[in-house]
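Both counts, for ligands and for their atoms, begin at 1 and track the order of listing. Remember, it's a predicted structure, so these values are computed and weren't measured experimentally.
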Amino acid sequence: MTRLASRATGISPSPTLSIDARAKKMVADGMDVVNFGVGEPDFDTPDHIKQAAVEALQKGMTKYTPVAGTDRLKAAIVKKFKEDNGLEYQPSQIVVSAGAKHSLYNAFQVLCQEGDEVILPAPYWVSYLEQIKLAGGIPVIVQTRASNGFKLTPEELESVLTRRTRLIVLNSPSNPTGSVYTRAELEALGEILARQGVVIISDEIYEKLVYDGTEHVSIASLGPELKELTVVINGVSKSYAMTGWRIGYAAAPQPVAKAMADLQSHSTSNPTSIAQAASVAALEGPQEPLAEMVREFNRRRDYMLERVNAIEGLSCGRPGGAFYLFPDMSAFIGREFKGKRIGGAGDLAQVLLEDALVAVVPGVAFGDDRCFRLSYAASMERIVEGMDRIERLLSQMK
Ligand SMILES: *Cc1c(COP(=O)(O)O)cnc(C)c1O
């Protein structure tokens, strides 16, 4: 066997995958598993978006496009930033990639170098950690507290800043917690970050999925200084139920955007031409399907949250966005089920899958083993069934 590069051997396989693989195998074996592990909307891509892709195909838009995206799509993105976030960008500051995950990858590659410290508030989305390491960065993980909605406080931020701090990752609304930073909270963090010149990677992929009138604020919109320090990451996957189309985008200061596009020019080149045309329709077309999806997610969130908090031993705050709950299960640590001691959320997830046929993602995947992630990207009927099963099983665990 040939030697693998250290870069490759340093990557941890996703800890969510083993439970996911097991759940899938159980389904394939004909078992009725309720899957709360899902990380994508369960809705289909709206028709007018699909139609735009069909038209693009028929019109022969099947060739290379400019590396950083078509002029048409970049114009739609520029307009989106202006209208939704009050942010003014030139088209040359926009880079369209094969999904927001790819945008993040490009950003870390061009901004982070060997030995740079990158502040990563936990719980965090799994890929940040690996992408930081791939870029040679040193992840500085800050554990946030459930009591304030898992949001990084200015004090926590100050406590980890060093001369080597180069970047910070913010993700609001958050996967896995659903937490949304308020304007005031971002202003407080922004003041410190601007003072230290820390570059901000702001992952806003769940921007549109907010509830109860929660306001999404982009930290880049809090003044010219912060805009100069921020790379905003967004995409169509979550808002428009387009995960399979692979279109994400970044807005960044000119030199950063150029470096990201240059890097991309030697790896993937442009993202799919047809998916770019569909994304124009997503951003500029009717937003009613999105509003419909948000109403349905809101209804499910309310129901699931009530069920979770009615279970003795579980507690979960009210998330303002995304489509996840991240309940604390630490009251179950040390309890037993069928002779097996529960040591953390990983053990609980295993028991839930094997004995209740419900798949959840253990929090260890996100850097927090006292919680687990429940996705409500499932039909109301399945949510009712899954919550019944969880409640029944946990009531037997004394
Ligand atoms: C889903 C997700 C992404 C990636 O989205 P794609 O555009 O499908 O690559 C990025 N960040 C977070 C937090 C996500 O949950």
Exercise for the section: Assess whether atom CD of Gln143 is packed by more than 12 heavy atoms of other residues, nucleotides or ligands within 6.0 Å. Expected result: yes
Exercise for the section: May I ask you to decide whether Asp32 forms a salt bridge with Arg389, counting only side-chain N to carboxylate O separations under 4.0 Å? Expected result: yes
Problem - Test of proximity, Asn175 against ligand 1: N or O pairs below 3.5 Å - result: yes
Practice task
Decide whether an N or O pair under 3.5 Å exists between Lys101 and ligand 1.
Solution key: yes
Exercise for the section: Specify side chain, backbone, both or neither for His102, according to which of its non-hydrogen atoms lie closer than 4.0 Å to ligand 1. Expected result: neither
Exercise for the section: Classify the side-chain pair Glu204/Ser202 by whether it contains a donor and acceptor separated by less than 3.5 Å. Expected result: yes
Handout entry: Salt-bridge present (Glu296, Arg300; N to O < 4.0 Å)
Key = yes
Problem - Nitrogen or oxygen of Ala100 less than 3.5 angstrom from that of ligand 1 - result: yes
Problem - pair Lys50-Trp245: side-chain heavy atoms closer than 4.5 Å - result: yes
Problem - Proximal candidate to atom 13 (C) of ligand 1 [heavy atom criterion; set Ile233, Thr243, Asp203] - result: Asp203
Exercise for the section: Please verify whether a non-hydrogen atom of Gly99 lies at under 4.0 Å from ligand 1. Expected result: yes
Problem - Ring-face cation contact, Tyr89 with Lys227, 6.0 Å cut, 45° max - result: yes
Handout entry: Region of Val236 that comes within reach of ligand 1 [heavy atoms, distance under 4.0 Å]
Key = neither
Completion exercise
Taking every heavy atom of Val308 against every heavy atom of Cys316, the minimum-distance pair comes out as CG1-CB, 4.0 Å
Handout entry: Winner among Arg246, Lys238, Met242, Glu40 once heavy atoms are compared against atom 3 (C) of ligand 1
Key = Lys238
Handout entry: Check ion pair Lys80-Glu207 (N to O, under 4.0 angstrom)
Key = yes
Completion exercise
Candidates Tyr206, Tyr128, Tyr124; heavy atom nearest atom 15 (O) of ligand 1 found on Tyr206
Exercise for the section: For ligand 1, indicate whether the residue Trp245 contacts it via side chain, backbone, both or neither (heavy-atom separation under 4.0 Å). Expected result: neither
Practice task
Of the side chain and backbone of Ser237, name the one, both, or neither that has a heavy atom under 4.0 Å from an atom of ligand 1.
Solution key: side chain
